[in-house]
Amino acid sequence: MESGSLTTAVGNQGSYEGRLRGCSGFTLKMIAVVTMFIDHFAATIIERQFGMAGSLWITEANYDLWFDIYIALRCVGRMAFPIYCFLLIEGFMHTRSYWKYVRNMGIFVILSEIPFDMAFQRSFFDMSSNSVFVTLLIGLVMVGILDWLDKRLRKEQPTIPQIFVKCVLMAVVILGSMELANLLHTDYSAGGVAAIAVFYLLRNHRMLGFGVAVLILGLMCGTIEWVAFFMLIPIYYYNGTRGKSSVGMKYFFYAFYPVHLLLLALGCYYLGLGI
């Protein structure tokens with residue numbers, strides 16, 4: 001889900017010194033892809049069997065057990081999105097080519113559309129709902145604009161009117177981006193974009209930023225999102241390094257999203273659960 005620019009060089013070295021044995025960017029990404037797969041397995045293979053006549057696994061006798069399993073797996077899945085948002089901002093701050101980053105994200109928005117629709121909309125093309133890649137792309141463009149405004153309007157001793165204008169302009173960008181996510185019906189929608197904005201604005205205070213972002217996700221997307229507070233532990237131990245890094249791994253994390261959705265959709269078809 002994230003580009004090579006989501007793998008980060010050591011930044012904010014004063015904050016990371018002495019913790020180089022902690023979690024690397026690679027470790028965080030692996031946590032994200034594993035928890036996301038668990039979530040999507042539940043949202044496709046298991047969810048489609050509820051209320052289905054002749055379900056493969058779920059019967060009247062074990063319905064409550066499978067429902068509890070389903071909820072538990074969806075809770076695990078709440079860990080993924082905040083990590084991707086965190087790494088999105090880390091990547092933005094350290095990328096050597098912002099426009100290449102945007103381009104790569106845009107390519108995988110297109111590549112993810114059909115697998116996303118097959119897995120969750122049971123259709124080959126349905127614009128009524130769009131993937132989390134669209135949310136991340138909107139967020140990436142938004143933080144690019146916010147960063148440009150911040151640099152253009154930065155003053156050593158700003159006046160109150162200058163501070164006011166800067167805050168208003170940044171608020172307009174954030175609210176406009178949230179509304180765009182709503183209009184496009186993206187995964188996590190306005191709440192996801194708001195979380196990305198928080199990660200950017202509090203980028204120098206990552207624990208606070210992560211906590212506030214998860215709080216917002218819970219308020220705007222459902223309190224189940226607060227399970228992601230557990231991810232404060234690996235975020236605390238994040239050491240700012242890339243970890244394992246190669247061109248292949250760079251695109252593995254991009255390609256994992258559409259590929260795993262396609263495989264889950266094909267698994268549903270093979271099991272007689274629809275497209």
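None of the values given here were measured: they were computed from a predicted structure. Counting from 1, the numbers follow the sequence of the chain as shown.
- For the pair N239 and S24, the minimum side-chain heavy-atom distance is below 4.5 Å.
- Counting heavy atoms from C-beta on, the side chains of I174 and M178 come closer than 4.5 Å.
- To the nearest 0.5 Å, atoms CD1 (I235) and CD1 (I83) are separated by 6.0 Å.
- In this structure a side-chain-to-backbone donor-acceptor pair under 3.5 Å is present from S112 to F108.
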*Stepwise side-chain contact (heavy atoms from CB on, under 4.5 Å) check, I45 with L271*: CA-CA 9 Å; I45 302 293; L271 294 171; 4.2 Å; yes

*Output, in order, the C-alpha distance, side-chain angles, deciding distance and verdict of ring-ring contact (aromatic ring centres under 6.0 Å, His included) for F92 and Y101.*
CA-CA 8 Å; F92 171 77; Y101 196 1; 7.7 Å; no

*Run the numbers on F26 and R242 for side-chain contact (heavy atoms from CB on, under 4.5 Å), then give the verdict.*
CA-CA 6 Å; F26 177 85; R242 293 183 179 185; over 6 Å; no

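- Under a hydrophobic clustering in which Ile, Leu, Val, Met, Phe, Trp and Tyr are joined whenever their side-chain heavy atoms come within less than 4.5 Å, directly or via other members, L56 and F41 fall into the same cluster.
- The aromatic rings of F199 and F86 stand perpendicular to each other, their planes meeting at an angle above 60°, with 30° marking the opposite boundary.
- Side-chain contact check for L202 versus F210: every heavy-atom pair is 4.5 Å or farther apart.
- When all heavy atoms are compared, the tightest approach of S131 to Y257 is CB-OH, 3.4 Å.
- For the side-chain contact (heavy atoms from CB on, under 4.5 Å) with M79, the qualifying choice from D39, T35, V214 is T35, the only one to do so.
- By the rule that hydrophobic residues join a cluster once side-chain heavy atoms approach within less than 4.5 Å of another member, V33 and L263 end up as members of separate clusters.
- Between R203 and Y200 the shortest heavy-atom distance is NH1-O, 2.7 Å.
- Panel note: side chain H94, backbone G91; no donor-acceptor pair is recorded below 3.5 Å.
- With hydrophobic clusters built from ILVMFWY side chains whose heavy atoms lie under 4.5 angstrom apart, Y269 does not share a cluster with F116.
- Between M127 and D117, every side-chain heavy-atom pair lies at or beyond the 4.5 Å cut-off.
- Listed for the S189 side chain is no donor-acceptor partner under 3.5 Å among the backbone atoms of G191.
- For the pair V193 and T135, the minimum side-chain heavy-atom distance is below 4.5 Å.
- Using a 4.5 Å cut-off on side-chain heavy atoms (C-beta onward), W57 and I46 make contact.
- Checking side-chain atoms of E113 against main-chain N and O of I110 turns up no donor-acceptor pair under 3.5 Å.
- Considering CG of N104 and CG of L140, their distance stands at 10.0 Å, rounded to 0.5 Å.
- Between atom CE of residue M30 and atom SG of residue C23 there is a gap of 13.0 Å, rounded to the nearest 0.5 Å.
- The backbone N or O of L273 sits less than 3.5 Å from a side-chain atom of R48, completing a donor-acceptor pair.
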*Going through the checks in order, is the side-chain contact (heavy atoms from CB on, under 4.5 Å) test met by V141 and S177?*
CA-CA 9 Å; V141 173; S177 300; over 6 Å; no

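- Proximity of a side-chain donor or acceptor of T44 to a complementary backbone N or O of A119 within less than 3.5 Å is not detected.
- Distance check: I31 CD1 to F230 CZ gives 13.5 Å after rounding to the nearest 0.5 Å.
- Counting only distance, with no hydrogens or angles, the side chain of R74 and the backbone of H40 share no donor-acceptor pair below 3.5 Å.
- If you chain together hydrophobic residues whose side chains sit under 4.5 Å apart, L169 and I163 never meet in one group.
- Across all their heavy atoms, Y188 and C221 have their closest contact at O-SG, 3.7 Å.
- Between F256 and M36, some side-chain heavy-atom pair lies under the 4.5 Å cut-off.
- Judged purely by atom type and a 3.5 angstrom limit, N62 uses its side chain to pair as donor or acceptor with the backbone of T59.
- Between the SG atom of C268 and the CZ atom of F120 there is a distance of 9.5 Å, given to the nearest 0.5 Å.
- Contact annotation: the side chain of Q121 approaches that of S129 to within less than 4.5 Å [non-hydrogen atoms, C-beta and beyond].
- One hydrophobic cluster, built from ILVMFWY side chains closer than 4.5 Å, cannot hold both L266 and F125; they sit in different ones.
- Atom CE of residue M142 and atom CG of residue L136 lie 10.5 Å apart, to the nearest 0.5 angstrom.
- Taking both residues in full, the closest heavy atoms of P258 and F133 are given as CD-CE1, 4.3 Å, listed atom of the first, atom of the second, then distance.
- When every heavy atom of V143 is checked against every heavy atom of I89, the shortest pair comes out as CG1-CD1, 3.7 Å.
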_Intermediate values then yes/no, side-chain contact (heavy atoms from CB on, under 4.5 Å), M118 and I114_ = CA-CA 6 Å; M118 291 174 64; I114 291 177; 3.7 Å; yes

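- Between Y63 and F50, a ring centre-to-centre spacing shorter than 6.0 Å is recorded.
- The neighbour count for L183 CG, taken as heavy atoms of other residues, nucleotides or ligands under 6.0 Å away, is above 12.
- The minimum heavy-atom distance between L217 and P82, with the atom names listed, is CD1-CG, 3.8 Å.
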